[in-house]
Amino acid sequence: MPQPNEDFVGAVLEVVAAIPEGRVMSYGDVAAAIGSRAARGVGQVMAYYGSEVPWWRVVRASGHPPQCHEGRALEFYRAEGTPLVWSRDRSVFRVDLAHARHQPD
DNA sequence: GTCGTGACAGTAG
DNA sequence: ACTACTGCCACGA
């Protein structure tokens with residue numbers, strides 16, 4: 001049920017923009033949501049157009065935020081109350097996908 | 001049409 | 001926890 005009328009870029013931005021606060025989606029989930037498997041393609045779009053979408057709501061399958069903006073994303077997560085799980089020494093964190101994963105229908 | 005690149009995913013060790 | 005490898009897909013040159 002993909003949308004061949006929408007460009008890959010437009011579809012990605014639409015899905016990411018539809019993620020509510022306190023929720024996140026993995027790159028693979030976003031790709032699947034638009035009927036594609038281009039998890040990497042999603043990253044490419046985010047890298048270029050991410051400035052205009054809540055990019056921090058898109059994380060990797062492991063629950064880690066973008067490799068280049070983890071510190072930046074943490075501020076957004078704190079502000080939105082996104083469920084996070086910290087390591088024992090609180091040095092690193094990851095998103096609790098079990099609770100924060102947003103599933104588009 | 002081919003190649004290199006990438007804010008990825010999954011498996012193996 | 002880590003690195004290394006392969007598979008996948010979109011995009012620009």
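Below, read A as the first sequence line, B as the second, and so on, with proteins coming before strands; counting in each chain starts at 1.
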### Message
Can you measure A:Ile34 atom CD1 to C:dA10 atom P for me and round it to whole angstrom units?
### Response
8 Å
### Task
Grab the OH-C1' distance between A:Tyr48 and C:dG12 for me, whole Å please.
11 Å
### Summary
Among the nucleotides B:dA9, C:dC11, C:dA10, whichever has the atom closest to the side chain of A:Val9 is C:dC11
### Task
Would you kindly give the CG-to-C1' distance between A:Asp89 and C:dA1, to the nearest whole Å?
12 Å
### From C:dA10, C:dC8, B:dA7, nucleotide with atom closest to A:Arg37 side chain
C:dC8
#### Entry: Closest to the A:Gln44 side chain, choosing from B:dC8, B:dT5, C:dC11
B:dT5
## Note on the structure
Testing B:dA7, B:dA9, C:dA1 for proximity to the side chain of A:His69, the answer is B:dA7
### Task
Quick one: label A:Ala61 by what it contacts on the DNA or RNA (base, sugar-phosphate, nothing), any heavy atom closer than 4.0 Å.
sugar-phosphate
### Task
State whether A:Ser36 places a side-chain N or O below 4.0 Å from either non-bridging phosphate oxygen (OP1 or OP2) of C:dA10.
yes
### Task
Can you tell me the distance, in whole Å, between the CZ atom of A:Arg40 and the P atom of B:dG4?
13 Å
### Task
Over all heavy atoms of both residues, which pair between A:Arg57 and A:Glu80 is shortest? Give the atoms and the distance, please.
NH2-OE2, 2.9 Å
### Query
Between A:Phe8 (CZ) and C:dC9 (C1'), how many Å, whole number?
7 Å
### Task
On the 0 to 90° scale, with breaks at 30° and 60°, tag the A:Phe76-A:Trp55 ring pair as parallel, tilted or perpendicular.
perpendicular
### Query
Can you check the A:Arg60 CZ to C:dC8 C1' distance for me, whole Å?
16 Å
### Task
Rounded to the nearest angstrom, tell me the gap between atom CD1 in A:Ile19 and atom P in B:dA7.
18 Å
### Task
Over all heavy atoms of both residues, which pair between A:Ala31 and A:Arg37 is shortest? Give the atoms and the distance, please.
CB-C, 3.9 Å
### Option from A:Val58, A:Asp29, A:Ile19, A:Val59 for which side-chain contact (heavy atoms from CB on, under 4.5 Å) with A:Val24 holds
A:Val59
### Message
Both A:Ala38 and A:Tyr49 contact DNA chain C. Taking the nearest nucleotide for each, which residue is further toward the 5' end?
### Response
A:Ala38
### Query
For A:Arg101 and B:dA9, what is the distance between atoms CZ and P respectively, to the nearest whole Å?
10 Å
### Summary
Comparing A:Arg94 with A:Val45, nearest DNA chain C nucleotide closer to 5' gives the residue A:Arg94
### Query
If every non-hydrogen atom of A:Ala100 is compared with every non-hydrogen atom of A:Thr82, which pair is closest and at what distance?
CB-CG2, 4.2 Å
